[in-house]
Amino acid sequence: MAAEQTVAPVSLDQQLATARDLAAEKRRTLDGLTIALEAAVREQRFADAEQAKQAIPAAEQDWGTAEATSRALAGVLADLAAQAAQRAVAEQTELRRQQATANLNAAVERERQLLDELMSTRAELVAGVGAVQSTIQRAYEIEGAVRQARGAQAQARVDSGEAAAMPGHISAPNAVSAFVDRSPALLAILRGTALPS
């Protein structure tokens with residue numbers, strides 16, 4: 001048994017080209033009959049004129065059918081092209097909408113992440129300011145402890161007979177306190193007024 005050959009379907013564009021060719025051919029035939037009729041009448045060849053006159057209605061019918069087919073196919077192709085264009089516009093609109101939605105979702109998520117990071121950074125800032133305040137307070141305590149140690153040394157000198165009396169004033173080091181006093185920002189941190197409530 002021989003294998004069946006499949007014939008590729010003829011596209012609408014090919015059908016339209018064929019229909020236009022056929023319509024043009026039928027129009028030439030009709031025009032030829034009309035010219036032949038006019039020439040036969042002019043030359044008084046009445047038998048030829050009658051023959052052309054008899055053939056014209058069938059030629060008009062053939063041309064009309066071919067022309068109608070050509071116009072119908074052209075109209076269908078135009079409608080199909082318009083529908084394809086509408087689909088393409090709708091598809092592009094939907095793709096733009098989907099991309100815009102994805103962009104919006106990404107921007108909302110990025111904002112959320114950044115706000116979380118911002119609040120974490122703010123907490124670190126507050127903790128950092130608190131740590132600086134604690135460090136200053138601890139430095140002040142150390143400066144006071146150094147003064148007490150100096151006082152104990154002076155008392156020990158008096159007790160051991162090395163010194164006759166306690167000095168009138170025992171100074172504390174001011175390496176930190178003098179530094180803080182010259183900095184309005186550090187003073188505000190020490191006093192707890194550096195951050196808004």
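- No donor-acceptor contact under 3.5 angstrom links the side chains of Q137 and E141, judged on distance only.
- Within the model, atoms CG of L195 and CD1 of I189 stand 7.5 Å from one another, a figure rounded to the nearest 0.5 Å.
- Under a hydrophobic-cluster definition in which Ile, Leu, Val, Met, Phe, Trp and Tyr are linked whenever side-chain heavy atoms come within less than 4.5 Å, directly or via other members, F179 and I142 are assigned to different clusters.
- Between A74 and R20, the shortest heavy-atom distance links the atoms CB-NH2, 3.9 Å.
- A salt bridge links E109 to R112: at least one charged side-chain nitrogen sits closer than 4.0 Å to a carboxylate oxygen.
- Atom CZ of R122 is surrounded by 12 or fewer heavy atoms from other residues, nucleotides or ligands within 6.0 Å.
- Residues L30 and A59 approach most closely at CD1-CB, 4.0 Å, considering heavy atoms.
- Side-chain atoms of Q99 and N103 include a donor-acceptor pair closer than 3.5 Å.
- Proximity of a side-chain donor or acceptor of S160 to a complementary backbone N or O of R157 within less than 3.5 Å is detected.
- Hydrophobic clustering of Ile, Leu, Val, Met, Phe, Trp and Tyr side chains at less than 4.5 Å, counting indirect connections, keeps L73 apart from L22.
- Minimum interatomic distance between A165 and V158 (heavy atoms only, all atoms of both residues): C-CG2, 3.4 Å.
- Note that CZ of R87 and CG of L80 are 8.0 Å apart. Values are rounded to the nearest 0.5 Å.
- At a threshold of 4.5 Å between non-hydrogen side-chain atoms, the residues L12 and Q15 count as touching.
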Please report the C-alpha distance between D21 and E25 in whole Å, then the side-chain angles of each, then the deciding distance to 0.1 Å, and finally whether the side chain to side chain contact (heavy atoms under 4.5 Å, CB included) criterion is met.
CA-CA 6 Å; D21 290 345; E25 178 187 325; over 6 Å; no
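- Between the CD1 atom of I136 and the CG atom of L187 there is a distance of 8.0 Å, given to the nearest 0.5 Å.
- Separation of atoms CZ (R110) and CD (Q113) is listed at 6.0 Å; rounding is to 0.5 Å.
- Rounded to the nearest 0.5 Å, atoms CD1 (I56) and CH2 (W63) are 13.5 Å apart.
- Residue K26 comes nearest to D62 through the heavy atom pair CD-CB, 3.7 Å, listed as atom of the first residue, atom of the second, then distance.
- Side chain of S70 to backbone of A66: no donor-acceptor contact under 3.5 angstrom is found.
- Hydrophobic clustering of Ile, Leu, Val, Met, Phe, Trp and Tyr side chains at less than 4.5 Å, counting indirect connections, keeps V146 apart from I170.
- In the model, E94 has a side-chain atom that pairs as donor or acceptor with a side-chain atom of Q98 under 3.5 Å.
- The minimum heavy-atom distance between Q133 and R191, with the atom names listed, is NE2-C, 4.3 Å.
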Can you check salt bridge (charged side-chain N to carboxylate O under 4.0 Å, His left out) on E67 and R71, steps first, answer last?
CA-CA 6 Å; E67 183 66 20; R71 289 181 187 183; 2.9 Å; yes
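- Considering CG of L104 and CD of E111, their distance stands at 10.0 Å, rounded to 0.5 Å.
- Put simply, the side chain of S120 never gets that close to the backbone of D116: no donor and acceptor are under 3.5 Å apart.
- Taking every heavy atom of both residues into account, A49 and L37 meet most closely at O-CD1, 3.1 Å.
- Test E43, E50, Q44 against F46 for side chain to side chain contact (heavy atoms under 4.5 Å, CB included) and you get one pass: Q44.
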